[in-house]
Amino acid sequence: MELPEDLPACWRVVLSQPSLLRTGRQLQTFLDRERAETTVFPPAAQTFRALQMTPLSEVRVVITGQDPYHDHGQAEGLSFSVPPGIRIPPSLRNIFRELEEDEGRPISQNGCLDGWAAQGVLLLNTVLTVRAHQANSHRRQGWEEITGEILRAVNELPNVVFILWGAAAGKLQPELHSRHLVLTSAHPSPLSARRGFFGSRPFSQANRYLLRHGLPPIDWLQTTSRGDAGLLTDFP
């Protein structure tokens with residue numbers, strides 16, 4: 001498996017474990033074939049962006065997603081995030097709606113979440129790539145083993161907040177140490193947000209936990225570190 005040169009050494013150690021070598025080789029063969037035959041998101045250089053932006057030693061919060069957005073211009077290697085200027089997807093719009101209710105202040109309508117990643121929020125999809133316009137198309141190709149090892153490494157840290165939205169993410173809860181704060185709710189998708197996501201207040205709960213353990217809170221309103229989002233753009 002090809003790892004980016006600027007991947008933090010702590011993550012390189014995790015992903016270079018012997019148990020992952022065979023999985024990594026098989027996954028790389030699959031990805032090489034997919035990229036030769038079709039369009040794959042995100043761009044190859046952004047596949048491990050969640051790890052590049054948030055070193056293991058700096059992780060304070062984990063927000064898991066399923067797999068990357070599968071339309072042009074959306075996926076950028078961070079779960080739920082889209083680049084500046086891209087129209088905000090429905091699930092992220094509901095996340096922002098809950099955040100505004102939780103914080104009691106409006107948030108800038110920019111879907112880029114690299115400001116969270118820079119503060120120690122690991123925005124990790126379970127599967128890190130996807131074929132264009134085909135959700136879940138890269139499931140069961142090896143990504144689950146790799147991201148599972150990433151989460152096991154985070155699980156060994158002290159006092160992390162895990163925010164698990166939806167039934168699939170909630171299955172991780174039994175594997176997490178009791179010292180962590182694990183927040184579960186319905187997924188922010190429009191199909192389920194009214195069944196327990198709205199009103200769950202994960203952002204303030206996370207910060208109360210971090211402060212209680214002597215850790216700096218997350219400035220959730222600082223979603224991006226890239227400046228003004230510019231105009232929102234639609235892609236087909």
Side-chain angles (χ1 to χ4, degrees), residues 1-8 11-12 14-54 56 62-83 86-92 95 111-114 117 121-154 162-172 175 187-189 191-192 235-236:
M1 180 173 54
E2 297 177 4
L3 301 177
E5 292 184 1
D6 61 344
L7 188 73
W11 288 126
R12 190 173 293 276
V14 172
L15 297 181
S16 298
Q17 295 186 42
S19 60
L20 293 181
L21 292 180
R22 181 179 178 184
T23 297
R25 286 194 299 268
Q26 293 174 338
L27 177 58
Q28 190 62 57
T29 297
F30 168 77
L31 289 174
D32 288 344
R33 185 174 64 250
E34 282 284 280
R35 293 190 186 279
E37 297 176 353
T38 186
T39 300
V40 173
F41 299 130
Q46 294 182 331
T47 302
F48 290 99
R49 189 159 174 262
L51 306 186
Q52 290 168 288
M53 291 204 66
T54 313
L56 177 60
V62 177
I63 298 178
T64 61
Q66 180 176 270
D67 63 346
Y69 296 118
H70 54 82
D71 285 335
H72 287 280
Q74 293 183 313
E76 61 167 359
L78 305 176
S79 62
F80 295 102
S81 181
V82 293
I86 300 300
R87 187 169 298 279
I88 300 173
S91 291
L92 183 55
I95 290 170
C112 174
L113 302 180
D114 64 0
V121 181
L122 181 61
L123 297 165
L124 184 72
N125 284 313
T126 304
V127 174
L128 300 188
T129 57
V130 68
R131 186 182 299 177
H133 315 305
Q134 296 184 38
N136 294 321
S137 52
H138 285 186
R139 287 181 63 194
R140 299 174 182 169
Q141 297 295 335
W143 278 127
E144 292 87 347
E145 289 83 356
I146 290 168
T147 56
E149 198 62 44
I150 291 168
L151 290 171
R152 278 188 285 275
V154 176
F162 288 83
I163 299 178
L164 308 178
W165 290 324
K171 292 178 181 178
L172 297 171
E175 302 177 14
H187 194 276
S189 162
L191 298 175
S192 57
F235 281 83

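Bear in mind that the values here come from a model prediction, so they are computed numbers and not experimental data.
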> Restricting to non-hydrogen atoms, name the atom on C112 and the atom on P83 that form the minimum distance, rounded to 0.1 Å.
CB-C, 4.3 Å

> Compare every heavy atom of V130 with every heavy atom of Y69, then report the nearest pair and how far apart it is.
O-CG1, 3.7 Å

> Please report the shortest heavy-atom distance between P68 and L128, naming the atom on each side.
CG-O, 3.4 Å

> Using only heavy-atom distances, determine whether the side chains of Q52 and D6 contain a donor-acceptor pair under 3.5 Å.
yes

> With W143, which residues qualify under side chain to side chain donor-acceptor pair (under 3.5 Å), at least two apart?
T129

> For the residue pair P89 and V82, establish whether any side-chain heavy-atom pair is separated by less than 4.5 Å.
yes

> Which atom pairs, donor and acceptor, lie under 3.5 Å between side-chain atoms of residues 23-31 and protein residues at least two apart or in another chain?
unit_1	atom_1	unit_2	atom_2	d
Q28	OE1	E2	N	2.9
Q28	NE2	D32	OD1	2.9
T29	OG1	R25	O	3.1

> Atom CZ in R12, atom CZ in F48: separation rounded to 0.5 Å?
10.0 Å

> Is the shortest heavy-atom distance from the side chain of V154 to the side chain of L122 under 4.5 Å?
yes

> Quick one: closest heavy-atom pair of H187 and S192, and the distance?
O-OG, 2.8 Å

> For a side-chain contact (heavy atoms from CB on, under 4.5 Å) check, start with the C-alpha distance between F41 and Q46, then their side-chain angles and the critical distance, and finish with the verdict.
CA-CA 9 Å; F41 299 130; Q46 294 182 331; over 6 Å; no

> I'd like to know whether CZ of R22 has more than 12 heavy-atom contacts from other residues, nucleotides or ligands below 6.0 angstrom.
no

> Evaluate the side-chain proximity of Q66 to V127: yes if any heavy-atom separation is below 4.5 Å, no if none is.
no

> Taking all non-hydrogen atoms of both residues into account, name the closest pair between T64 and L172 and its distance.
CG2-CD1, 4.1 Å

> Check whether any side-chain heavy atom of W165 sits under 4.5 Å from a side-chain heavy atom of I63, and report yes or no.
yes

> Minimum heavy-atom separation for L92 and G111, please, with both atom names.
CD2-O, 3.4 Å

> Who are the side chain to side chain donor-acceptor pair (under 3.5 Å) partners of E34, not counting sequence neighbours?
R131, H138

> If I take atom CG from residue L124 and atom CG from residue L151, how far apart are they, to the nearest 0.5 angstrom?
5.5 Å

> Quick one: are E144 and R139 in side-chain contact, heavy atoms under 4.5 Å?
yes

> Could you grab the distance from atom OG1 of T38 to atom CD of Q134, nearest 0.5 Å is fine?
7.0 Å

> Does the side chain of L3 reach to within under 4.5 Å of the side chain of M1, using non-hydrogen atoms?
yes

> Can you tell me how far apart OG1 (T54) and CG (L78) are? Round to the nearest 0.5 Å.
7.5 Å

> For E76 and S81, does a side-chain donor sit closer than 3.5 Å to a side-chain acceptor?
yes

> Is there side-chain contact between L15 and E149, with heavy atoms separated by less than 4.5 Å?
no

> So, taking the atom named CZ in R152 and the one named CD in Q17, what distance separates them when rounded to the nearest 0.5 Å?
8.5 Å

> Closer than 3.5 angstrom, by distance alone: can the side chain of S79 be matched with the main-chain N or O of N125 as a donor-acceptor pair?
no

